[in-house]
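First up is the structure itself, then whatever we jot down about it.
A note on names: the letters A, B, ... follow the listed sequences, proteins ahead of strands, and every chain is numbered from 1.
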Amino acid sequence: KQEVTQIPAALSVPEGENLVLNCSFTDSAIYNLQWFRQDPGKGLTSLLLIQSSQREQTSGRLNASLDKSSGRSTLYIAASQPGDSATYLCAVGDSYKLIFGSGTRLLVRP
Amino acid sequence: KAGVTQTPRYLIKTRGQQVTLSCSPISGHRSVSWYQQTPGQGLQFLFEYFSETQRNKGNFPGRFSGRQFSNSRSEMNVSTLELGDSALYLCASNLEGVTDTQYFGPGTRLTVL
């Protein structure tokens, strides 16, 4: 059974720092991996989708990598801003559904 | 392009009642999935509809059901509500299925008293 873990559960950093969020999964047979952002009480905003054949994807200040063999993905955020404060969720595509981690709550302090 | 819309945004019901939630996907998207989000269990898959057919179902009791219309709009229904059904219900829209980017709506916050 696929399990997705995100570490750390919470992170507080000063504005301007570069940071890395981690996601691990137990079964390497995935279709893809997607990173989302969720603001309090809101829906999920898709940030990056990495297909199983890809190693990384970039969008602006965000870079996500995927290593299927080790069951790991990282989301790198460059030059963090207070507006980046949110919960970040990773999810693996497992045949027909997404299996989510429990998220990393990020606070970027001004 | 308009995003995924969900109605209503908030609902308060009492135990034993039933509720219907609605999701309108992005134009051209044929797949709609539903997820339940709670503090204790996180995000869990409920079911997926594609071209008016339920393709997949998660591990939820039969009180949870859904349907999809010819215009791809989807509804989910929960009968005989229980306190534990209080959650944020999210729907995700995509072109064909899990291999595509999933676009989520803002969710419906259901509170069962």
**Request:** State, to 0.1 Å, how close A/V13 and A/S80 come at their nearest heavy-atom pair, and which atoms those are.
**Result:** CG2-OG, 3.9 Å

**Complete:** Looking only at A/L44, A/T45, A/N32, A/I99, the option with the highest number of non-hydrogen pairs under 4.5 Å against chain B is A/L44

**Message:** So for B/Q41, is it side chain, backbone, both, or neither that comes closer than 4.5 Å to the heavy atoms of chain A?
**Reply:** neither

**Prompt:** Between A/K97 and B/Y35, is any pair of side-chain heavy atoms under 4.5 Å apart?
**Reply:** yes

**Fill in**
Bottom line for B/L43: the part with an atom under 4.5 Å from chain A's heavy atoms is both

**Message:** For A/Y31, which atoms come within 4.5 Å of any heavy atom of chain B: side chain, backbone, both, or neither?
**Reply:** side chain

**Prompt:** Going through the checks in order, is the salt bridge (charged side-chain N to carboxylate O under 4.0 Å, His left out) test met by A/R61 and A/D84?
**Reply:** CA-CA 11 Å; A/R61 295 183 293 110; A/D84 295 331; 2.8 Å; yes

**Request:** If a pair satisfies salt bridge (charged side-chain N to carboxylate O under 4.0 Å, His left out) and one of its residues is in residues 36-48 of chain B, list it, with sequence neighbours excluded.
**Result:** B/E48-B/R55

**Request:** Go through the atoms of A/L48 and report whether side chain, backbone, both or neither lie under 4.5 Å from a heavy atom of chain B.
**Result:** neither

**Prompt:** Just wondering, are more than 12 heavy atoms of other shown residues or ligands nearer than 6.0 Å to CZ in B/R73?
**Reply:** yes

**Request:** Could you tell me which portion of B/F45 (side chain, backbone, both or neither) has an atom closer than 4.5 angstrom to a non-hydrogen atom of chain A?
**Result:** side chain

